[in-house]
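Have a look at the structure below, then the notes.
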Amino acid sequence: MAAAAEGLESREAAAASKDAPRPAVESVDAGPGASPFLAGNRLNLDLYPKGCHQLLHLCAQHHQQLLQVEFLRLSTHEDPQLLEATLAQVPGNLPHLRSLVLKGGQNRGALGACLQGTLTTLPTGLSTLAHLVHLDLSFNKLETLPACVPQLRSLDSLLLSHNRLSELPETLGALHVLTFLTVTHNCLQKLPPALGALSALQQLDLSENLLDTLPPEIGGLSNLTELNLASNRLQSLPVSLVGLRSLRLLVLHSNFLTSVPAGLAHLPLLTRLDLRDNQLRHLPPELLDAPFVRLQGNPLGEASPDSLSPPGTPQVLEMPKLFLTSDLDSFPVTPQGCSVTLACGVRLRFPAGATTTPITVHYRLWLPEPALVSLGPHDSLLSGVLELWPHGVAFQQDVSLWLLFVPPRARRCHEVVVRTRRDNSWSDLETHLEEEAPKRLWARCQVPHFSWFLVVLRPVSNACLVPPEGTLLCSSGHPGVKVTFPPGATEEPRHVSMQVVHMASRELRALLGEPEAAVSPLLCLSQSGPPSFLQPVTVQLPLPPGVTGFSLDHSRLHLLYWAPPAATWDDITAQVVLELTHLYARFQVTHFSWYWLWYTTKTCVGGLARKAWERLRLHQVNLIALQRRRDPEQVLLQCLPRNKVDATLRRLLERYRGPEPSDTVEMFEGEKFFAAFERGIDVDADRPDCVEGRVCFVFYSHLKNVKEVYITTALDREAQAVRGQVSFYRGSVPVEVPQEAEAARQRKGADALWMATLPIKLPRLQGLKGHGKGARLSLAPLNLGDAETGFLTQSNLLSVAGRLGPDWPAVALHLGMPYRELQRIRHEFRDDLDGQIRHMLFSWAERQAGQPGAVELLLQALEQSDRQDVAEEVRAILELGRHKYQDSIRRTGLAAEDSALPGTSASQSTEPAQA
């Protein structure tokens, strides 16, 4: 709900500024070295040094534009007396203020944690701000709510997170128009009954406090839609909660609840009830069966140890809960069992007794590619590949596995399944879906052993076991599709499965250019055991839409047959007897394959069916190439489904710029393609996914087909800008990459592999004067890491330094560098940003030389500073170094050809390298 608070602040600002006057921007000179600004109706002083001094200076000048200010942001990392004196000037000089943000948290400690501001109270004069609707006092040292706050009767949003509040006053109930209240990460031990008087309240977040009870009056919040009480000490809930008829989201995880009111199941609008990690042993049946209830981590169905154990009997220990960070790739499992959450979001639950001896479980996430992932013709991949090992270890009880994925758009007659790999083949597991958020789903399954796992979207599959007595198999998605097995069709029971794929009539008519053309659903049948049945099996298909058995022209009806992996569809209409009813066609077969009914005036239908089947599997996509605005050498390459292009560009164009997306092209799920930089542009660093300067991709329609690379040029950028391009080609990178001129000639061929070309421009370099990226450096030789696990050289560190830009202070703090040292570096290199970055990085690296874990510390700092792009590049460099080291060992005969890399299992060494 913190994110919701930020969104609310933005929406409030937008609403208030829509009707506000917008005068021209006017800079304010507040003294040497200061750089505050006053623009329109906003005054942002939270990111500037001595913000209080700047505001006092403006007030002393009686600046007329202050009368129009509606939004004020001021840091509370100031002297407390100065801060109080400054805030006392606000009511008289900013009478129309609508939003006041007095947050700490801008400064960080030695370990990177956000520091609280010095604010402990507010001047009573702020109560005269009659127009104030938004007040943010987060990350401060408030122990009691300032008395002026309940007097702000127009207040709509109040944010009090990360303070030291132990209670809220009764006077808070006077805020009758308050709709948003968050008091997370405080020390609240009780709530005032007056809280129930906030009749307009819609969102209430009280998580991460010390609450052990709730007042019954909380049931009076008639308009409340979201209530978060996670991570408190609640043991019970008041029955009055069932009166919250507007409630949509109720979060109660990580408490000590032993029961909940049964009436919660009948709240008409409730879409999520999170009861994870409590002490619930029994629940009303209506809650147990509700699809919106989350119950993981509760001892449901278990008897209380106190009620069953005689005196003196030791109590059963609670199942351990493990939360792995990104630097851990293994965890222990004991016979006691445990609940594990991996850094990637995957969850596992090992029940007690799943293993008889302690074992260590390792995991790894693989980027999917065709050599590892096997998909059916109409499957779509929804997740990466999770590997858990040791492989093949059988558990005494099934282990629960939850895989997180982004739900796809609703597709007719499709389902989501978890697929696992064993003995070089993939099989489907029984899968249950659990919703975590509107755009996040869990795929839950039971696994008897460890291997590879992934999530797939596929056409609904219906299966049955055919006994010698015969049976009937029907499609759950298309009731008109049936297969009848007569007695004696098989001597031994055999498994059969059915999938049905629908094709839109408009797509077929566009392909054939025939207004009356139509097709039935495509039927895919498969079986185990012998290829043929002993008795003919009857198949029923619905007639194509718009066609009935009484009006059709028999010469236009075609039954098509395809036996994978054949290249063509065969017209078998003359070889079978078609029994037609008003709505259906029936025919008999002795072995299974794929069947399709067509109604068309065309005569040679087999070739058209192959094209139509390809059309069913093709995705229409666009290719984009964007350059980061602050660093044009960083290029983002992405392949996007056509319906996602506009939304993605709106999100990216704040940080990137570039040409319009390519024309629409069509690609298959799992199809390989590559991007080639041309006309003087090349990839700047060795990457495992880069061959001869060509960056390899695999297209998966529901995954992010995106890579960020750094480019360089051998041309002279000091003389002029370099105008290059990037071209996209189908297939794997060829052994002999064609020259650009030859590739251009091939683009016009019928089977051309070229898809698109987009321009790339590296601007002219100006004003280096020995300080830019091209300046010569004299630094002592330096390596971090080692050859076996991968190392970073001086050149690699220079490359990292060139990517950080203005984000370097955040990286430095996460590396553990003291804030005082950052200030010294800023002063010493005050006119040279590149010098600041290089000095910070290399001074840290020199202290870390020879120390274990330095590279991992750098990766963590980059990720914590939201520079995942640079972290991925560093990982690619390390992976490439490890492969080169292993190859050198093999060339010198020190290792066998099939030896695994250090830290990997033998099975991993046979898989493709992943960046």
Side-chain angles (χ1 to χ4, degrees), residues 291 296 342 344-349 363 365-370 372-388 391 395 398-437 439-465 473-478 481 495-502 521-528 564 592 594 616-617 619 668-670 698-703:
Q296 294 85 359
L342 307 183
C344 57
V346 174
R347 300 208 315 259
L348 298 105
R349 187 178 187 275
Y363 82 94
L365 284 178
W366 293 85
L367 294 177
E369 74 145 52
L372 179 62
V373 176
S374 178
L375 296 176
H378 300 280
D379 293 348
S380 297
L381 188 63
L382 299 181
S383 73
V385 183
L386 172 70
E387 182 185 11
L388 296 168
H391 293 174
F395 295 103
D398 284 349
V399 175
S400 299
L401 172 66
W402 286 266
L403 293 172
L404 192 62
F405 67 97
V406 178
R409 296 176 61 189
R411 296 181 62 179
R412 180 178 177 182
C413 300
H414 279 67
E415 63 184 353
V416 174
V417 296
V418 175
R419 194 164 288 173
T420 184
R421 181 183 181 185
R422 188 176 190 184
D423 298 330
N424 295 322
S425 64
W426 290 88
S427 59
D428 297 330
L429 299 174
E430 182 179 352
T431 306
H432 304 275
L433 300 185
E434 299 178 358
E435 185 178 3
E436 183 190 56
K439 293 187 178 181
R440 291 163 67 90
L441 284 177
W442 292 102
R444 177 175 59 84
C445 61
Q446 304 291 325
V447 296
H449 60 269
F450 278 170
S451 182
W452 287 270
F453 302 90
L454 51 83
V455 184
V456 170
L457 177 70
R458 68 173 188 188
V460 171
S461 179
N462 298 105
C464 70
L465 183 66
L473 177 61
C474 300
S475 169
S476 59
H478 298 262
V481 179
H495 289 276
V496 297
S497 62
M498 164 199 300
Q499 284 184 319
V500 181
V501 182
H502 175 78
L522 169 61
L523 175 62
C524 316
L525 296 171
S526 60
Q527 63 168 327
S528 63
F592 277 176
W594 293 29
L616 276 174
R617 298 158 49 227
H619 299 270
F668 291 105
E669 185 83 4
V698 182
F699 171 73
Y700 292 104
S701 57
H702 292 86
L703 302 184

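Computed over heavy atoms, backbone and side chain alike; hydrogens, waters and symmetry mates excluded.
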Verify the distance criterion only: is there a donor paired with an acceptor across the side chains of S400 and Q446 at less than 3.5 Å?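 Looking only at side-chain atoms, Q446 and S400 do form a donor-acceptor pair, the distance falling under 3.5 Å.
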
Do you know which two heavy atoms are closest between [X] and [Y], and how far apart they sit?
| X | Y | answer |
| --- | --- | --- |
| L429 | V417 | O-CB, 4.5 Å |
| E669 | L381 | OE2-N, 2.9 Å |
| E415 | S461 | OE2-N, 3.0 Å |
| S374 | W426 | CB-CD1, 3.6 Å |
| G384 | L454 | O-CB, 3.8 Å |
| D379 | L375 | OD2-C, 3.9 Å |

Side-chain donor or acceptor of S383 paired with backbone N/O of V455 under 3.5 Å: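 It does hold such a pair.
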
Spacing of [X] atom [atom1] and [Y] atom [atom2] [to the nearest 0.5 Å]:
| X | Y | atom1 | atom2 | result |
| --- | --- | --- | --- | --- |
| N462 | S475 | CG | OG | 5.0 Å |
| L386 | S451 | CG | OG | 10.0 Å |
| W594 | L523 | CH2 | CG | 10.0 Å |
| M498 | F592 | CE | CZ | 7.5 Å |

Start with the C-alpha gap between Y363 and L348, add the side-chain angles, then the distance that decides, and say whether side-chain contact (heavy atoms from CB on, under 4.5 Å) holds. CA-CA 11 Å; Y363 82 94; L348 298 105; over 6 Å; no

Partners passing side-chain contact (heavy atoms from CB on, under 4.5 Å) against P521 (at least two apart in sequence or in another chain):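 Partners of P521 under the side-chain contact (heavy atoms from CB on, under 4.5 Å) test: H478, V500, P542.
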
One pair to check against side-chain contact (heavy atoms from CB on, under 4.5 Å): R458 and H378. What are the steps and the verdict? CA-CA 6 Å; R458 68 173 188 188; H378 300 280; over 6 Å; no

Geometric cation-pi criterion, R421 with W452: 6.0 Å, 45°: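 Judged by the rule (NZ or CZ under 6.0 Å from the ring centre, within 45° of its axis), R421 counts as positioned above W452.
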
Listed by chain and number, what are the salt bridge (Lys or Arg N to Asp or Glu O under 4.0 Å) partners of R444, not counting sequence neighbours?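 Result, salt bridge (Lys or Arg N to Asp or Glu O under 4.0 Å) vs R444: E434.
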
Do V416 and L433 come close enough that some side-chain heavy atom pair is under 4.5 Å?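 Contact flag for V416/L433 side chains = yes.
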
Is any side-chain heavy atom of L372 less than 4.5 Å from a side-chain heavy atom of L367?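 Sidechains of L367 and L372: no contact.
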
